Amino acid sequence: MRMSNFFSQTLREAPADAEVVSHKLLVRAGFIRQLGAGIYTLMPLGKRSIDKLEDIMRDEMNSIGGQEIYMPVVHPADLWKETNRWYEIGDEMGRFYDKNNRDMVLALTHEEVVADLVRKEVQSYRQLPRLIYHIQTKWRDDPRPRAGLIRVREFTMKDSYSLDIDEAGLDKQYRAHYQAYFNIFNRCDLPTVAVKSDVGMMGGSLAHEYMYLTAVGEDTLLFSETCGYMANRQIATFQKPAAEKEKVKPIEKVATPGAKTIDDLAKFLDVPTSKTAKAVFMVAKITEGQDEVEKFIFAIVRGDMEVNETKLVNALKAKELRPALDEEIIAVGAVPGYASPIGLKDALVVVDDAIPDSPNLVAGANEDGYHFRNVNYGRDYEAEIVADIAAAQEGDLCPNCGEPMSVSRGVEVGNIFKLGTRYTEALGSNYLDKDGKSKPVVMGSYGIGSGRLLACVAEEHNDENGLIWPMSVAPYHVHIVILRGGEEAAKKIYSELKVDGIEVILDDRDESPGVKFKDADLLGIPIRLTVSERSLKENSVEFKLRREDERKSIPLEKIIEIVKKTKNELVEEISQKVSVMPYDVAN
RNA sequence: CGGGGCGUAGCGCAGUCCGGUCAGCGCACCGCGUUUGGGACGCGGGGGUCGGCGGUUCAAAUCCGCCCGCCCCGACCA
């Protein structure tokens with residue numbers, strides 16, 4: 001490609017909107033342009049890199065038996081009504097009407113379509129197992145897109161779907177993906193870790209997320225350096241410090257004027273926060289069939305802990321959870337700041353599993369300015385649900401090894417889910433087994449967002465001068481800078497490399513050397529050649545790797561060979577990063 | 001959805017408090033010339049409904065109201 005023909009330009013300055021480095025550089029280098037919040041155009045360079053990522057995904061999917069298909073972005077809502085997700089999913093779903101006023105859905109994902117396909121195509125156990133995948137646009141109307149391509153609303157995803165006769169078959173395909181995903185990320189030179197995750201809106205029994213650890217990530221991970229335990233904060237568990245065993249004491253009302261927060265209260269009564277009960281009021285939307293009901297939730301954790309809303313949602317099997325309004329709190333007979341589980345009406349009480357083991361806590365008295373001492377679960381009040389609803393925090397003890405855990409931020413670049421029969425049962429996607437019995441197909445679903453992956457690779461590989469692409473992801477292999485006097489020789493090298501299948505940018509623009517070098521650094525093509533009068537005088541070409549400072553002088557007659565060899569070495573170097581990862585469900 | 005910020009030329013910004021030569025600067029872009037190994041220089045030039053609508057006023061980028069858009073934090077989410 002001749003740079004004089006480029007559609008995109010480089011920018012000396014990044015848009016003020018861009019904050020994270022991958023966003024700034026991808027825009028400045030001309031890989032992407034923004035159209036709206038969380039909506040981006042891929043420019044020619046970006047498109048080429050995305051194609052490379054997607055081809056790596058295809059390769060790995062094919063190698064575990066995947067067959068590529070292509071499913072629509074626009075779905076009739078009926079299908080989503082059948083699985084109930086039309087009702088369960090909120091604003092995140094893009095909905096519209098077609099000309100006949102039929103409800104339509106913009107695909108957030110494709111489980112429904114797969115299950116529909118399966119019920120039409122698969123009749124017999126002889127047709128299983130299968131693995132299908134596609135690379136397609138999704139629309140998820142995320143409340144807060146951010147950080148360039150890292151979190152967007154419209155995005156392309158590779159998603160695969162495994163189809164099996166039973167759990168054992170699913171487990172096999174799940175494990176195959178577990179490894180294939182590491183292969184994909186390694187082939188993009190992106191370090192990732194797999195952590196167990198919440199199953200979220202997908203439903204299902206087991207899920208892993210592939211996290212790229214970076215400060216710009218929006219997920220928080222808890223991990224133990226001692227044993228290697230790692231989990232998303234959403235589901236991370238921890239060993240809760242046991243409360244001292246003590247005799248249950250009689251309940252006692254105390255005046256606590258002005259002590260509305262746990263800290264105030266602990267100070268005022270001179271007790272540790274672990275001797276208090278923290279009340280959190282939420283309103284949950286819970287789906288009952290096609291109906292939605294709102295329930296007032298009174299959640300209680302010990303004063304030294306925080307409520308983890310994901311855990312709470314899961315404990316409640318709720319669709320949505322929001323903080324309760326003051327008037328709602330008052331309506332159930334509670335007093336904000338002095339709330340108590342004792343004497344509530346119409347509230348669903350959920351207590352953390354550390355509460356029943358924690359005697360004689362201080363809790364509100366449901367009366368302005370008063371608390372109770374020595375409140376005991378079981379004696380003074382009961383809960384509808386007792387579950388782990390406390391959030392793990394830095395320093396909490398690892399559930400595995402008991403050592404204090406650290407936290408890290410990460411971006412989820414991929415995920416794998418054991419869906420089971422959630423969708424196939426809902427849609428009647430059954431097969432006949434050997435005994436002629438009808439059974440639902442067992443599904444798994446596995447996704448990788450290509451744009452997010454590109455952004456993460458950019459985030460990982462850059463310096464103050466620009467991007468530094470791994471050979472496998474680079475839009476071009478070689479970048480030739482023509483300086484004065486180098487025109488003819490450069491064009492000859494360009495043509496010869498192209499004939500040999502090397503992808504080359506030729507900077508034939510009428511620009512000063514400084515501009516050309518700056519742009520070459522910004523674009524981050526792995527190999528740079530500089531052809532000039534100066535180098536030609538010595539019958540040579542300057543050769544430089546983007547990631548290194550060293551410049552070499554290569555004789556003209558050897559340059560093609562050296563470039564090809566280097567390109568292959570860089571490809572090989574990346575493939576060396578692919579290795580077998582231990583599969584650890586416990587983690 | 002809550003909190004904060006922003007919207008003036010393709011990009012980065014000044015001007016807005018205090019209404020009136022404020023339609024401006026740098027980069028980018030076009031022409032000519034010089035320059036040519038790390039974002040060159042000179043001369044000349046093109047480009048903006050000042051996010052939109054409404055209001056106040058003799059006069060609005062500037063004041064008021066409503067709306068739209070974008071970014072950040074939180075909630076939420078893959």
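A, B, ... follow the sequence lines: proteins, then strands. Residue 1 opens every chain. Small disclaimer: the values here were computed from a predicted structure and weren't measured.
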Worksheet, complete the sentence: Sequence neighbours excluded, the answer for ring-ring contact (aromatic ring centres under 6.0 Å, His included) partners of A:Phe185 is A:Tyr210

Discussion item. Please tell me whether A:Thr156 and A:Ser450 have a donor and an acceptor in their side chains that are separated by less than 3.5 angstrom.
Written reply: no

Worksheet item: Between B:rA75, B:rC70, B:rC11, which one does the side chain of A:Arg151 approach most closely?
Response: B:rA75

Discussion item. With a 3.5 Å limit on both atom pairs, tell me what B:rC22 is paired to, counting Watson-Crick and G-U wobble, or say none.
Written reply: none

Discussion item. If I take atom CG in residue A:Leu26 and atom C1' in nucleotide B:rC11, what distance separates them, rounded to the nearest angstrom?
Written reply: 17 Å

Item to complete: Tell me, please, which residues at least two apart from A:Asp51 pass side chain to side chain contact (heavy atoms under 4.5 Å, CB included).
Response: A:Lys47, A:Glu54

Practice prompt. Answer yes or no: does a side-chain N or O of A:Gln9 lie under 4.0 Å from OP1 or OP2 of B:rC27?
Written response: no

Item to complete: Would you kindly give the CE-to-C1' distance between A:Met211 and B:rC77, to the nearest whole Å?
Response: 12 Å

Response to the item:
Taken in chain and number order and not counting sequence neighbours, the residues that satisfy salt bridge (charged side-chain N to carboxylate O under 4.0 Å, His left out) with A:Arg153 are A:Asp141

Fill in: Between B:rC11 and B:rG47 - C1' atom distance, rounded Å
14 Å

Discussion item. Using the side-chain heavy atoms of A:Pro15, tell me which of these nucleotides is nearest: B:rC71, B:rC11, B:rC73.
Written reply: B:rC11

Practice prompt. Could you tell me the separation between the CD atom of A:Glu13 and the P atom of B:rC25, rounded to a whole number of Å?
Written response: 17 Å

Response to the item:
A:Arg146 meets the salt bridge (charged side-chain N to carboxylate O under 4.0 Å, His left out) criterion, sequence neighbours left out, with A:Glu218

Practice prompt. If a protein heavy atom is under 4.0 Å from the base, mark B; if only from the sugar-phosphate, S; if neither, -; do that for nucleotides 33-45 of chain B going 5' to 3'.
Written response: ---BBBBS-----

Worksheet item: Given the C1' atoms of B:rG4 and B:rG42, what is the spacing between them in whole Å?
Response: 46 Å

Practice prompt. Just compare B:rC70, B:rC77, B:rC72 and give me whichever is closest to any side-chain atom of A:Glu19.
Written response: B:rC72

Discussion item. Distance check, C1' atoms only: B:rC71 and B:rC64, in whole angstrom units.
Written reply: 26 Å

Worksheet, complete the sentence: Per atom distances to the A:Arg146 side chain, the nearest of B:rC77, B:rC73, B:rC71 is B:rC73

Worksheet item: Using the C1' atom in both, what is the distance from B:rG20 to B:rG15, to the nearest Å?
Response: 15 Å

Worksheet item: B:rU56 and B:rA14: how far apart are their P atoms, nearest whole angstrom?
Response: 32 Å

Practice prompt. State which residues pass side chain to side chain contact (heavy atoms under 4.5 Å, CB included) with A:Ser408; sequence neighbours excluded, sorted by chain then number.
Written response: A:Leu213, A:Phe223

Fill in: Residue met sooner reading RNA chain B from 5', once A:Arg144 and A:Asp17 are mapped to nucleotides
A:Asp17

Worksheet item: So which nucleotide from B:rG74, B:rC70, B:rC77 ends up closest to the side chain of A:Asp142?
Response: B:rC77

